[in-house]
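Here the structure is laid out as structure tokens; the discussion comes afterwards.
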Protein chains: 2
Amino acid sequence: MSKLDLSLYLVLDPELCGGLAGMVQTAHRAAQAGASVVQLRAPQWKKRQYLQAAIELKAALDPLGVPLIINDHLDIALAVDAAGVHVGQADLPVEVVRRLLGPDKLIGLSTSNASQLAAAPLHLTNYVGVGPVYPTGTKPDASPVIGLAAFSQLMRDKRLPAVAIGGIQAGMAAPLIAAGVDGVAVVSAICGQPDPAAATAALLNEIRGARS
Amino acid sequence: MSKLDLSLYLVLDPELCGGLAGMVQTAHRAAQAGASVVQLRAPQWKKRQYLQAAIELKAALDPLGVPLIINDHLDIALAVDAAGVHVGQADLPVEVVRRLLGPDKLIGLSTSNASQLAAAPLHLTNYVGVGPVYPTGTKPDASPVIGLAAFSQLMRDKRLPAVAIGGIQAGMAAPLIAAGVDGVAVVSAICGQPDPAAATAALLNEIRGARS
């Protein structure tokens, strides 16, 4: 697999995207506009529907070379041969996921503080999500908000590729990139926007601008 | 694997059993008293906890030769090398589970009517659960109650080993066995009973009596 590009990481939300069909359409448009990773996250869904969404998303994203990451459900990732799995602190441990997924797939781990970052298994984890940086409405069980100052501090000790997540909207990516993060993950900044492709392009512009 | 004995199939419930420790203790006592299969079912749990329960249950049941079946989460079954997976109609399709689990593991499928029974993939499915036979309080999203008369009718066309499930309490197993089912699955008839071992033994007596 080519080097993982975390620049703009889209996390799909079934409700904001308008269900399965809306998720596939949004993911496709965002990927065409430059989103570099897409994650399927639908914690309320039963697995039959989850599988169907994963199949359709993979078919839409594979031709564009954009990796599809499955949140939590390793079995769905195995079933559709997804690019990887993203786990949280209460999901399957990275060690278990790596053992079952093999050495070539991507594994991401959600972290929300310095001790969780320090505990991420270095040689088994491809990237960490760090958040919530800002208050978010799309994850009811989110950890306490980190804020930009503490986030910047966390980035100083960065040991793994990292993506910032949590409440990141248009116009908010630049200071995170400036703090040293490799990319930003968004949900509502793309899902449910009137023009997901335009929203994606604007975010990417902002990210690239902050890097140059 | 030796022939699957479905006689008394215990489905664990985290709340009725008193959490993880209670589930392991109940499963161990029931298996010692003759329960022939144990299923871990905890749909509300995150996977880290699910995995821990599966590890502890397997350690308790393996020495007794009682198979541990994991409800829904194929990835947990793979992680702990469980004896099998049980799926419902909205979970992963049997075909997908069989492909990832291999030919030697057990796969059970929940069914609640004749068309679902007819659709069960014969050569990939080890057994079907048929229910709810009676009203049940442990599965809020259960299908309509089948009742004994319709259940007996379903057993006349039985093509796969079958276990009856749904509201089965002490004293209610005999007519189901007489109708031709291979075993009964219980939750609250063992989980949360003052003496799970005695409850198990009494149910087994009833099942064996109905067979002779």
Closest non-hydrogen contact found for Arg48(B) with Gly88(A) is NH2-O, 3.8 Å
The reported gap from CG in Leu101(B) to CG in Leu78(A) (rounded to nearest 0.5 angstrom) is 11.0 Å
Of all heavy-atom pairs linking Val96(A) and Ala79(B), the shortest is CG1-CB, 3.6 Å
In this structure, NE2 of His73(B) is separated from NZ of Lys47(A) (nearest 0.5 Å) by 4.5 Å
Is it the case that more than 12 heavy atoms not belonging to Glu15(B) sit under 6.0 Å from its CD atom?
no
Residues Leu74(A) and Asp75(B): closest non-hydrogen pair is N-OD2, 3.2 Å
Bottom line for Leu100(A): the part with an atom under 4.5 Å from chain B's heavy atoms is side chain
Nearest heavy-atom approach of Ala90(A) to Lys46(B) is O-CB, 3.4 Å
